[in-house]
K.L.:
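Here it is, the structure in full.
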There are 2 protein chains.
Amino acid sequence: MASDHTRSAILAAAERLYADRGFGDVTLRDIVAEANVNLAAVNYHFGSKDELIAELFVTRSIQTNRERLNELRAAEEKGGGRAAIEDIMRALVGPTLRGCLGPDREGSTAARFMIRASIESVPPIRRIKNREVDHLRKFAAAMRRAMPGRDDTELYWGLHFALAMAHHTIREKERLLRLSEGKCNLDDVRAIIDRVVTVSVMALTMGDVPSKPAVRPTLVHGRLTRQDL
Amino acid sequence: MASDHTRSAILAAAERLYADRGFGDVTLRDIVAEANVNLAAVNYHFGSKDELIAELFVTRSIQTNRERLNELRAAEEKGGGRAAIEDIMRALVGPTLRGCLGPDREGSTAARFMIRASIESVPPIRRIKNREVDHLRKFAAAMRRAMPGRDDTELYWGLHFALAMAHHTIREKERLLRLSEGKCNLDDVRAIIDRVVTVSVMALTMGDVPSKPAVRPTLVHGRLTRQDL
DNA sequence: GATAGTTTCATACAAATGTTTGAAATGCAA
DNA sequence: TTGCATTTCAAACATTTGTATGAAACTATC
C-alpha cells in the first residue's frame, strides 16, 4: 500500500462519472478508462462494483453529516445550549444546498454524486441509507429542545418538509428553471437556503394560536423578505 | 387486433413487477413469464422495452393530470372563474397524494408503479417527465389569476415547494415512518393533503405585509376541516 | 374451405457487463 | 543482487439482456 494512486484514481473517476451520468449509465469500463487504470484494478482494490459504490457513498455521507452537525453544534453554542429553530433548520439544509447548488460546480462533484445517490436507488446505497435515520434523530432532538411542548408529530413533519424542499430543489432545479423561464435564480444559494428555512419554520410554527402573533411576523420579516434576483 | 389479450397481459404483468421490484430488477423475461406470453411478444406489440415502460407511464400520467385539471376546473367554477389559491394547490397535490398514499395502496399496483417511477429515474420516463412543464404551466396561470400582483418568482417557488413536499412524502414515506416511530400517520391522506396545501399557501403568502392578518390564521384553522374528495 | 393478414412461438444473435485468471511488472527488504 | 509480496495488465469467461428471425398457428373474409 505504498501509494494509493490507483485506488484513489478509481474513486475520483467513479464519483465524477456517477455524478454526471448516473449509476445506470456508467460501467466499470467507463470508470477505468476515465481513471487510466486497468479493468481488473476495481475488483482488486474494492472487491466488487457494489463495494466501490458503497465506499463512495459512505465517505460522502460522513462528510455531509459532519458538516451538518458542526453547524448544529455552533448554533447550540450560540444559543447557550439551546439553538434557535431556524438555525437548526439552516444546519440541516444548508450544507447540502450549498454543496449542490453553488456556482462552483467543479468542486461540487461530491455533492452531485450525493444527489445521484438520492435520485437513483441502487442496492448498495439503499442498504447504507437506512442508517441515515439515526443522524436525523439528532436534529429531531435539537428541534424538540428548541420548541418544547410542541407535538412530536409536527416536529417530524417539519423536518421532513425541510428535507423535501431542499432535495427537491436540487433534484428538479432544471425543471424549475424551465418552468419559471429562468426567473427563479438558482445560483443565489443563500437566498434559497433562507427561503427553505423560512418556509420550514413557518410549517413548524403554523399550529401556533393567533393569540401569540409575534412569532410568525418576526420570522417573516427577519428572514428574506427580499429575494430579488 | 381482435383481442388485446396478450398486449394487456404484458402491461398488467409489467406494471405489477415494476411496482414490486423496481425497473432495475425486472427483465423482459420476468415480465413474459408473469404474463404467460412469449418473449417476442413484447417487441411485437410495443416495439421495445422502453416503449413498454413509456406506455405504462404515459397512461398513468394522463390519468393523474386529468384528475388534477378536473379539480382545478371545479375550483375555478366554484370561485366564479377565479379559483382560491388553496384550492389550486389542492388540485395540484391532491390526486398524486391520494393515488400513492391511500390505504388501499397494497392493492393498487398503479399507485405503487407511480411511486417507483418517482423513485427510480429511468430514461424513457425521464423523457416524458420533461413534458410535464407544460402541464404545470396551467397551474402557474391559475395561481397568477388567484394572486394578481404577486411576483412570478414567488409563485413558481410556491408551486415548486408544493410538489416538493408531495413527492418527497411519497418517496420517503418509509423513512418518515421510521424516523417518527410511526407517529406520523401516513394513512390519513386527507390530513397530509391539508398539511401540504397549508404550508404551500403559507409559502406563497409569506411576503404579505402583516397589515392583512386575516389570511394566514384562516388557513391555519381551515386546514383539517376541508375536503374536496 | 382457400387465402391473406395477424399473432404466437422457439430459437438464435449480438452486445454489454461484472468478474476471474495467470502471467508480467513493480516495489521493498535482507 | 535475490527473494517475496504487492500491484498491474491483457485476455478470457460466464451471464444476462434486449432484440431479431422465420416458421407455425391462428383468425377473419371471401
Side-chain angles (χ1 to χ4, degrees), chain A residues 1-58 113 116-117 120-128, chain B residues 1-58 113 116-117 120-128:
Chain A
M1 202 175 289
S3 96
D4 280 343
H5 168 265
T6 300
R7 210 184 126 87
S8 37
I10 292 173
L11 283 171
E15 183 168 50
R16 183 151 16 110
L17 289 180
Y18 284 143
D20 284 343
R21 293 159 39 190
F23 296 100
D25 268 12
V26 176
T27 72
L28 286 190
R29 284 170 176 80
D30 294 331
I31 293 171
V32 298
E34 179 87 357
N36 280 311
V37 301
N38 187 268
L39 174 60
V42 173
N43 289 276
Y44 177 79
H45 285 281
F46 298 94
S48 70
K49 179 194 185 185
D50 277 11
E51 290 174 85
L52 166 62
I53 294 178
E55 171 151 347
L56 238 26
F57 185 68
V58 298
F113 169 82
R116 281 290 179 189
E120 299 184 27
S121 191
V122 71
I125 288 183
R126 195 173 328 154
R127 279 192 291 271
I128 298 163
Chain B
M1 206 177 292
S3 94
D4 281 343
H5 168 266
T6 301
R7 213 185 125 87
S8 38
I10 292 173
L11 284 170
E15 185 168 48
R16 181 150 18 109
L17 289 181
Y18 284 143
D20 283 344
R21 293 158 41 191
F23 296 100
D25 269 10
V26 176
T27 71
L28 286 190
R29 284 167 176 83
D30 294 330
I31 293 172
V32 299
E34 179 88 356
N36 280 311
V37 300
N38 187 269
L39 173 61
V42 173
N43 288 276
Y44 177 79
H45 284 282
F46 297 93
S48 71
K49 179 196 185 184
D50 277 11
E51 289 175 84
L52 165 62
I53 294 178
E55 173 152 344
L56 278 173
F57 185 70
V58 169
F113 171 81
R116 281 289 179 189
E120 299 185 28
S121 189
V122 70
I125 289 184
R126 191 177 344 212
R127 278 193 291 271
I128 296 164

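Sequence lines set the chain letters: A, B, ... in the order given, protein chains first and strands last, and positions in each chain run from 1. These numbers come from the heavy atoms of this one structure, side chains and all, not from hydrogens, waters or symmetry mates.
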K.L.:
Over 60° means perpendicular and under 30° means parallel, so tell me whether B:F113 and B:F23 are parallel, tilted or perpendicular.
P.N.:
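Because their plane-to-plane angle is over 60°, the rings of B:F113 and B:F23 count as perpendicular.
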
K.L.:
Determine the minimum heavy-atom distance between A:A35 and A:A9, stating which atoms define it.
P.N.:
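Heavy atoms of A:A35 and A:A9 come nearest at CB-O, 3.5 Å.
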
K.L.:
Treat primed atoms plus P, OP1 and OP2 as sugar-phosphate and everything else as base, then score nucleotides 16-22 of chain D 5' to 3': B for base contact with protein heavy atoms under 4.0 Å, S for sugar-phosphate contact only, - for none.
P.N.:
-BBBBB-

K.L.:
Assess whether a salt bridge exists between A:R21 and A:D30, defined as any Lys/Arg side-chain N lying under 4.0 Å from an Asp/Glu carboxylate O.
P.N.:
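Salt bridge: yes.
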
K.L.:
Without decimals, in angstroms, what is the distance between B:I10 CD1 and C:dT7 P?
P.N.:
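Rounding to the nearest Å, CD1 of B:I10 and P of C:dT7 are 12 Å apart.
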
K.L.:
How close or far is atom P of D:dT8 from atom NE2 of A:H5, stated in whole angstroms?
P.N.:
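In whole Å, D:dT8 P lies 9 Å from A:H5 NE2.
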
K.L.:
Is the closest basic N to carboxylate O distance between A:R29 and A:E34 below 4.0 Å?
P.N.:
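A:E34 and A:R29: not salt-bridged.
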
K.L.:
Between B:H45 and C:dT8, is there a contact of a side-chain N or O with OP1 or OP2 at under 4.0 Å?
P.N.:
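It does, given that an N or O in the side chain of B:H45 lies less than 4.0 Å from OP1 or OP2 of C:dT8.
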
K.L.:
Are A:R116 and A:E15 close enough for a salt bridge, meaning some N to O gap below 4.0 Å?
P.N.:
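Here A:R116 does not pair with A:E15 in a salt bridge, since their nearest N and O are not under 4.0 Å apart.
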
K.L.:
Please give, in whole Å, the distance from D:dA24 P to B:Y44 OH?
P.N.:
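Between P of D:dA24 and OH of B:Y44: 18 Å.
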
K.L.:
Check the phosphate of C:dT7 against B:T6, side-chain N and O only, distance under 4.0 Å to OP1 or OP2. Yes or no?
P.N.:
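No, B:T6 has no side-chain N/O under 4.0 Å of OP1/OP2 on C:dT7.
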
K.L.:
Provide, to the nearest angstrom, the distance between the CZ atom belonging to A:R7 and the P atom belonging to D:dT8.
P.N.:
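These atoms are roughly 11 Å apart.
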
K.L.:
Would you name the heavy atoms of B:P124 and B:D50 that are closest together and state the gap between them?
P.N.:
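Looks like CB-O, 3.7 Å.
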
